[in-house]
Asks: 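Pasting a structure here, questions to come.
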Amino acid sequence: MNASVTPNTKAQLLQNTVEHIDITSFDARPIIDAMRKMSFSSRDTARAADIFNMALEDKDCSPWLILAGSTSAGGCMHVYRDMVKFGMIDAVVATGASIVDMDFFEALGFKHYQAAGEVDDNVLRDNYIDRIYDTYIDEEELQACDHTILEIANRLEPRGYSSREFIWEMGKWLSEGNAKKPGSLIQTAYEEGVPIFCPAFVDSSAGFGLVKHQKERAAAGQPYMMLDAIADFRELTDIKIAAGVTGLFMVGGGVPKNFAQDTVVCAEILGVEAEMHRYAVQITVADVRDGACSSSTLKEAASWGKVQTTHEQMVFAEATTVVPLIGSDAWHRGAWKNREKRRWQKLFEA
């Protein structure tokens, strides 16, 4: 396709919406059972499923979802929502993009779209379409999302907020009848008492709305709200201390991965002897040779006192291919039915 723009180009490009997979609609247990007898990434995936189920079966364990990358936009959004809904997850640590540009964006009634073949990115720019690999977002709709964040910020008391606290306000706003698509991850987490943390929150669509909030308030000589990154760390560490035994289900890596793992060390600094994360699974395509946090193995994390090596598994696979299998396997095995939802939001309620 050339770089010329026709009146119908945008409509033609934004035809096929991404549909989110439903882990309750199919039973992945036979696939996981078969994979357990295979080799390579298949056997790793089966062991990861086993470890996640062990975390759910352990009545002392509080499992956390650690989320980075674009799998929410790619069709896994309802997997994560349902993990929270059915009590498989007690806390979420994610990138701002996963929570705002993807989940909150769709809660406002907007969609992600499948790309149709190779398209010149200059054509996409001319049509105000943003690309995530083979997925499209309408930039005009994304800016509407930015302005909604501004609206929420404007109604808050001007003080410091942890990302958990601000996202809680987003969930409250959606639950007040403002959601065009009910059942988003944010709204479900709000309703289930599951806190969501985004330690790099402004590195997302939320950042634009929050900058506009501060600029407009400052220009008017008025105080403004701000994000407190230290409160993020303190609050998640408080959850780790209260939970005792924890398990990490990590999709991708980056800041959310390290942030969640660091709570063990932070507790120690505070004089509390916290157990290393007992169960840990990471699904990533990051290359172990690049020296980055995303690709550092869970065994390496043991040297830092963060993760036990007894029940840990790296799965080197593109997450949309294995997350639905592990999620469906866990849902159908049903260990979640016997565990108590921790509702860690209660720790922060006055």
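All values derive from a computational prediction rather than experimental measurement. Quick note: residue numbers are just sequence positions, from 1.
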Asks: Using the rule that two of Ile, Leu, Val, Met, Phe, Trp, Tyr join whenever any of their side-chain heavy atoms come within less than 4.5 Å, decide whether Trp168 and Trp344 are in one cluster.
Replies: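 No; tracing contacts between hydrophobic side chains, which count when under 4.5 Å, never links both residues.
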Asks: If we count only N and O atoms by modelled type, under 3.5 Å, do the side chains of Lys257 and Ser296 hold a donor and an acceptor together?
Replies: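 Yes, side-chain donor-acceptor contact under 3.5 Å.
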Asks: Are His277 and Thr246 close enough, and set up right, to give a side chain to side chain donor-acceptor pair (under 3.5 Å), and what steps lead you there?
Replies: CA-CA 5 Å; His277 297 293; Thr246 46; 2.7 Å; yes
Asks: Before accepting this row, confirm whether a basic side-chain N of the pair Lys85/Glu192 lies closer than 4.0 Å to the acidic partner's carboxylate O.
Replies: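 No, this pair does not count.
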Asks: Evaluate whether atom NZ of Lys346 has more than 12 neighbouring non-hydrogen atoms of other residues, nucleotides or ligands under 6.0 angstrom away.
Replies: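 It does: Lys346 NZ has more than 12 such atoms within range.
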Asks: Give me the ring orientation class for Phe110 and Phe105: parallel if the planes are under 30° apart, tilted from 30 to 60°, perpendicular past 60°.
Replies: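 Aromatic pair Phe110/Phe105 classed tilted.
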Asks: Are the charged groups of Asp103 and Arg81 less than 4.0 angstrom apart, N to O?
Replies: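 Between Arg81 and Asp103 there is no salt bridge, as every charged N stays at least 4.0 Å from the carboxylate O atoms.
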Asks: Between Arg333 and Asp329, does any NZ, NE, NH1 or NH2 come within less than 4.0 Å of an OD or OE carboxylate oxygen?
Replies: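 So Asp329 pairs with Arg333 through a salt bridge.
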Asks: Under 4.0 Å between a Lys/Arg side-chain N and an Asp/Glu carboxylate O for Asp58 and Arg278?
Replies: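 Judged by the 4.0 Å cut-off on N to carboxylate O distance, Asp58 and Arg278 do form a salt bridge.
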Asks: Give the intermediate values and the outcome of side chain to side chain donor-acceptor pair (under 3.5 Å) for residues His78 and Asp22.
Replies: CA-CA 7 Å; His78 292 176; Asp22 178 4; over 6 Å; no
Asks: Taking the six-membered ring for Trp, are His311 and Tyr279 parallel (under 30°), tilted (30 to 60°) or perpendicular (over 60°)?
Replies: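 Ring orientation of His311 relative to Tyr279: parallel.
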Asks: With a 3.5 Å cut-off and no angle check, do the side chains of Glu106 and His20 form a donor-acceptor pair?
Replies: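 The answer is yes; a qualifying pair exists.
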Asks: With a 4.0 Å cut-off on N to O distance, would you call Glu191 and Arg343 a salt bridge?
Replies: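 Between Arg343 and Glu191 there is no salt bridge, as every charged N stays at least 4.0 Å from the carboxylate O atoms.
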Asks: Charged N to carboxylate O below 4.0 Å: is that the case for Lys212 and Glu216?
Replies: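 Looking at Glu216 together with Lys212, the answer is yes, because their closest N to O distance falls below 4.0 Å.
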Asks: Do the side chain of Thr188 and the main chain of Asp82 share a donor and acceptor less than 3.5 angstrom apart?
Replies: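 No, the answer is negative, given that no donor and acceptor are paired below the 3.5 Å cut-off.
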Asks: With a 6.0 Å cut-off (strictly less than), is the heavy-atom count around CD of Glu19, excluding the residue itself, greater than 12?
Replies: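 Not buried by this count: 12 neighbours or fewer within 6.0 Å.
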Asks: Got a sec: does the CD of Glu273 have more than 12 other heavy atoms crowding it under 6.0 Å?
Replies: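 Open: at most 12 neighbouring heavy atoms sit under 6.0 Å from CD of Glu273.
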Asks: Quick check: is Ile23 connected to Val92 through a chain of hydrophobic side chains (ILVMFWY, heavy atoms under 4.5 Å apart)?
Replies: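 Yes, Val92 connects to Ile23 through the hydrophobic network.
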Asks: For residues Ser162 and Glu235, is any side-chain donor paired with an opposing acceptor at under 3.5 Å?
Replies: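 Present: a donor and an acceptor within the cut-off.
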Asks: Could you give the distance from OG1 (Thr135) to NE2 (His112), rounded to the nearest 0.5 Å?
Replies: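 One finds 7.5 Å between OG1 of Thr135 and NE2 of His112.
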Asks: Quick check: Trp64 with Phe249 (ring centres under 6.0 Å apart)?
Replies: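 No, the ring centres sit 6.0 Å or more apart.
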Asks: Would Phe166 and Tyr161 count as a close aromatic pair, with their ring centres under 6.0 Å?
Replies: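 For Phe166 and Tyr161, the ring centres are not under 6.0 Å apart.
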Asks: Between Lys306 and Asn258, is any side-chain donor less than 3.5 angstrom from a side-chain acceptor?
Replies: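 Yes - a donor-acceptor pair under 3.5 Å links their side chains.
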Asks: Give a yes or no on whether Ile152 and Leu150 share a hydrophobic cluster (residues Ile, Leu, Val, Met, Phe, Trp, Tyr; joining criterion: side-chain heavy atoms under 4.5 Å apart).
Replies: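 No, separate clusters.
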Asks: In plain terms, say whether Asp90 and Arg339 are close enough for a salt bridge, that is, a side-chain N and a carboxylate O under 4.0 Å apart.
Replies: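 Yes, Asp90 and Arg339 are salt-bridged.
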Asks: Could you check whether Glu169 pairs with Arg164 (Lys NZ or Arg NE/NH1/NH2 to Asp/Glu carboxylate O, under 4.0 Å)?
Replies: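 Not counted as a salt bridge, because no side-chain N and carboxylate O are separated by less than 4.0 Å.
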Asks: Do Asp121 and Arg131 sit within salt-bridge range, that is, some charged N less than 4.0 Å from a carboxylate O?
Replies: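 Answer for the salt bridge query: yes.
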Asks: Is there a donor-acceptor pair under 3.5 Å between the side chain of Gln308 and the backbone N or O of Thr310?
Replies: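 Side chain of Gln308 to backbone of Thr310, a donor-acceptor pair under 3.5 Å: no, none is there.
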Asks: Are Arg47 and Asp44 within salt-bridge range, i.e. N to O under 4.0 Å?
Replies: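 Judged by the 4.0 Å cut-off on N to carboxylate O distance, Arg47 and Asp44 do not form a salt bridge.
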